[in-house]
Amino acid sequence: MDFSAYTSKLQKEQKSRAEKAKREAEKLAREKDRVAAKLAEYEEQQRLARIERHRIEEEAALVAERERELNGGVDFRPRTLRAVPYDAAEQKGINRSKDKICLPVSVRTELSMQGAEKLGPMFFELSRGGTRTHGAALEFTARDGTVGVPPALAAMLGGSEEEAVQVKFARLPKGTFARLQPVGRDFQRDVELPSYLYCDSIPKHASEFPEFDRVAGFVPCQRDVEDVRAVLERELHTRSSLTVGDVLDIDFCGTLYRLRVLELQPQPQVSVIDTDMEVEVAPSVEYEEEAAVKAAAAARQEAELAEHTRVQEERARLEQEETARALANAEAVHRQRLHKAAHLPPEPPAGAEGVVSCAVRMPDGARLVRRVLLGESLRVLFDFVDAKGTADLQSYSLATAFPRRVFTLAEDADKTLSEMGLDGPQLAFFLEAC
């Protein structure tokens with residue numbers, strides 16, 4: 001029997017089992033770590049959720065506490081009630097009828113137990129679909145689960161007539177300031193209205209307000225009756241409260257104008273009962289849009305004018321610079337021509353030995369002629385042409401027709417006529433622009 005082979009096999013099996021056990025242990029450890037991590041993550045999520053719930057509860061408690069403080073200690077949780085048409089206040093001829101609402105008797109019982117009646121008129125916030133307004137309770141005879149809403153408030157809330165609304169108790173401060181804005185441009189066009197004080201001491205004679213002299217179509221006999229201030233005062237007397245976003249229907253001289261409440265002080269919702277309140281009418285949205293369009297047009301025209309002026313000034317500056325450069329260049333050319341004319345060698349006499357008569361035809365047909373010695377360089381001829389001022393400096397070449405040869409200042413100026421093979425008694429050149 002081969003014990004060495006058996007021993008080797010046994011060792012391999014033991015090693016394989018050990019490695020397998022190690023892998024199983026590592027796998028189990030990883031699984032335990034994964035489960036522990038999942039558990040820790042879950043516990044962390046639960047902890048954060050508890051913290052968030054606690055924060056929300058604290059915030060809700062703070063909001064409820066603030067509302068209780070604002071409401072004089074009254075704790076009336078918001079509730080959803082079905083809106084039903086209600087016009088009893090108007091039918092009974094009650095003042096401030098446009099925002100009088102009717103609530104169930106259970107609401108009065110709950111509020112009476114908290115002493116809400118001792119705080120004065122009981123106001124309620126009504127909200128639906130993100131729109132809110134306020135009304136004052138007239139009576140508590142509505143069926144449970146319903147709230148009587150007058151047409152003016154129903155129109156502000158929008159939605160269907162009997163759609164549910166959120167109702168909550170609200171103690172409103174007395175208003176001190178209101179800014180209204182006409183919905184259309186007609187009010188701004190037809191009426192000019194300065195700021196005024198909404199109180200019983202308002203003068204009733206329009207003649208005390210010179211601004212009305214500029215109102216188009218406003219005749220003297222109407223001013224005492226249709227005084228704009230009195231009309232606004234009369235409209236405010238039909239309401240118990242105002243909320244930012246409310247729309248007021250103003251009947252002025254037989255025309256219905258709609259004004260939106262833009263701003264209120266000291267809060268975005270106020271009581272207008274027994275208060276002196278300053279009222280200001282801002283320009284209408286359309287008026288502001290038209291003014292913005294006109295301002296934009298004026299700004300655009302001003303910008304265009306400024307751009308036109310800038311372009312003209314830039315063009316004038318460039319023209320001046322171009323003129324200055326041209327003058328400077330002309331002056332430099334003139335000085336160069338004078339310099340070359342002064343330094344030309346004397347023209348040899350006709351008929352002398354080694355004298356060649358050179359004629360240069362210019363592009364405009366003019367013809368320049370000078371006698372040059374065969375031993376003189378071609379530069380003399382270039383300088384002669386430059387001195388005459390009939391060609392730009394260093395921007396041309398001289399060429400012969402038969403045979404065709406072209407001579408440039410850069411390559412041929414320092415070569416003599418003999419070296420160039422120009423040894424005839426008469427030579428004809430053409431000036432060609434480079």
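In this text, all values refer to a predicted model and were calculated from it rather than measured experimentally.
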Are any of the side-chain nitrogens in [X] or [Y] under 4.0 Å away from the carboxylate oxygens of its partner?
| X | Y | result |
| --- | --- | --- |
| R317 | E314 | yes |
| R55 | E52 | yes |
| E322 | R325 | yes |
| E331 | R335 | yes |
| R82 | E163 | no |
| R47 | E44 | yes |
| R258 | D249 | yes |
| D386 | K340 | yes |

Roughly how far, to the nearest 0.5 Å, is [atom2] of [Y] from [atom1] of [X]?
| X | Y | atom1 | atom2 | answer |
| --- | --- | --- | --- | --- |
| R179 | L262 | CZ | CG | 7.5 Å |
| K100 | I94 | NZ | CD1 | 7.5 Å |
| R370 | C358 | CZ | SG | 9.5 Å |
| L378 | F407 | CG | CZ | 6.5 Å |
| T133 | L126 | OG1 | CG | 7.5 Å |
| K32 | L39 | NZ | CG | 14.5 Å |

Is any side-chain heavy atom of [X] less than 4.5 Å from a side-chain heavy atom of [Y]?
| X | Y | value |
| --- | --- | --- |
| I101 | F124 | yes |
| T80 | V165 | no |
| E125 | R132 | yes |
| E376 | L381 | no |
| R23 | K20 | yes |
| P266 | P173 | yes |
| P121 | I273 | yes |
| V272 | K174 | no |

Establish, yes or no, whether the cationic atom of R405 lies under 6.0 Å from the six-membered ring centre of F402 and within 45° of the ring axis.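 Not flagged: R405 not positioned over aromatic ring of F402.
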Given D423 and S418, is the side chain to side chain donor-acceptor pair (under 3.5 Å) satisfied, shown in steps? CA-CA 6 Å; D423 52 1; S418 297; over 6 Å; no
Just jot down the side-chain hydrogen bond (donor to acceptor under 3.5 Å, both in side chains) partners of [X], sequence neighbours excluded, or say none.
| X | value |
| --- | --- |
| E43 | none |
| K415 | none |
| Q265 | E263 |
| R379 | D414 |

Apply ring pair (Phe, Tyr, Trp, His ring centres under 6.0 Å) to F123 and list each qualifying residue two or more places apart in sequence or on a separate chain.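 Residues passing ring pair (Phe, Tyr, Trp, His ring centres under 6.0 Å) with F123: none at all.
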Under the ring pair (Phe, Tyr, Trp, His ring centres under 6.0 Å) rule, collect the residues that match up with H339, sequence neighbours excluded.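 Expected list: H343.
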Using only atom types and a distance under 3.5 Å, with no angle test, would you say the side chain of [X] pairs donor to acceptor with the backbone of [Y]?
| X | Y | value |
| --- | --- | --- |
| D246 | T243 | yes |
| E419 | T416 | yes |
| R337 | A387 | no |
| R128 | G158 | yes |
| D99 | S240 | yes |
| R96 | L236 | yes |

Kindly check if the number of other-residue, nucleotide or ligand heavy atoms within 6.0 Å of [atom1] ([X]) is above 12?
| X | atom1 | answer |
| --- | --- | --- |
| F430 | CZ | no |
| R371 | CZ | yes |
| D33 | CG | yes |

Of the non-hydrogen atoms in [X] and [Y], which two are nearest, and what is the gap between them?
| X | Y | value |
| --- | --- | --- |
| A154 | V149 | N-CG1, 3.6 Å |
| S241 | G135 | OG-N, 4.1 Å |
| P182 | V281 | CD-CG1, 3.8 Å |
| F382 | T408 | CZ-C, 3.7 Å |
| L344 | F384 | CD2-N, 3.8 Å |
| M122 | A116 | SD-CB, 4.0 Å |

Test side-chain contact (heavy atoms from CB on, under 4.5 Å) applied to A352 - qualifying residues, sequence neighbours left out: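 Partners of A352 by the side-chain contact (heavy atoms from CB on, under 4.5 Å) criterion, ordered by chain and then number, come out as P349, V355.
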Under the salt bridge (charged side-chain N to carboxylate O under 4.0 Å, His left out) test, residues paired with E319 that sit two or more places apart: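 Result, salt bridge (charged side-chain N to carboxylate O under 4.0 Å, His left out) vs E319: none returned.
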For R315, salt bridge (charged side-chain N to carboxylate O under 4.0 Å, His left out) partners two or more places apart: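 Once residues adjacent in sequence are excluded, R315 has no partner under the salt bridge (charged side-chain N to carboxylate O under 4.0 Å, His left out) criterion.
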Step by step, would you call L264 with F177 a side chain to side chain contact (heavy atoms under 4.5 Å, CB included)? CA-CA 6 Å; L264 292 169; F177 174 80; over 6 Å; no
Which side chain to side chain donor-acceptor pair (under 3.5 Å) pairs, counting each pair once, include a residue from residues 289-301, with sequence neighbours left out?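 Pairs touching residues 289-301 that pass the test: R185-E290.
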Residue pair K38, E31: steps toward the salt bridge (charged side-chain N to carboxylate O under 4.0 Å, His left out) verdict: CA-CA 10 Å; K38 283 287 186 181; E31 184 65 19; over 6 Å; no
Check the pair L232, I250 against side chain to side chain contact (heavy atoms under 4.5 Å, CB included), reporting the backbone distance first and the verdict last. CA-CA 7 Å; L232 283 177; I250 308 296; 3.7 Å; yes
Tell me the salt bridge (Lys or Arg N to Asp or Glu O under 4.0 Å) pairs involving residues 301-312, sequence neighbours left out?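 Salt bridge (Lys or Arg N to Asp or Glu O under 4.0 Å) check on residues 301-312 returns E307-R310.
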Can you pull out every ring pair (Phe, Tyr, Trp, His ring centres under 6.0 Å) where at least one residue sits in residues 308-331? Sequence neighbours excluded, please.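 Every candidate ring pair (Phe, Tyr, Trp, His ring centres under 6.0 Å) pair involving residues 308-331 fails, so no pair, neighbours aside, qualifies.
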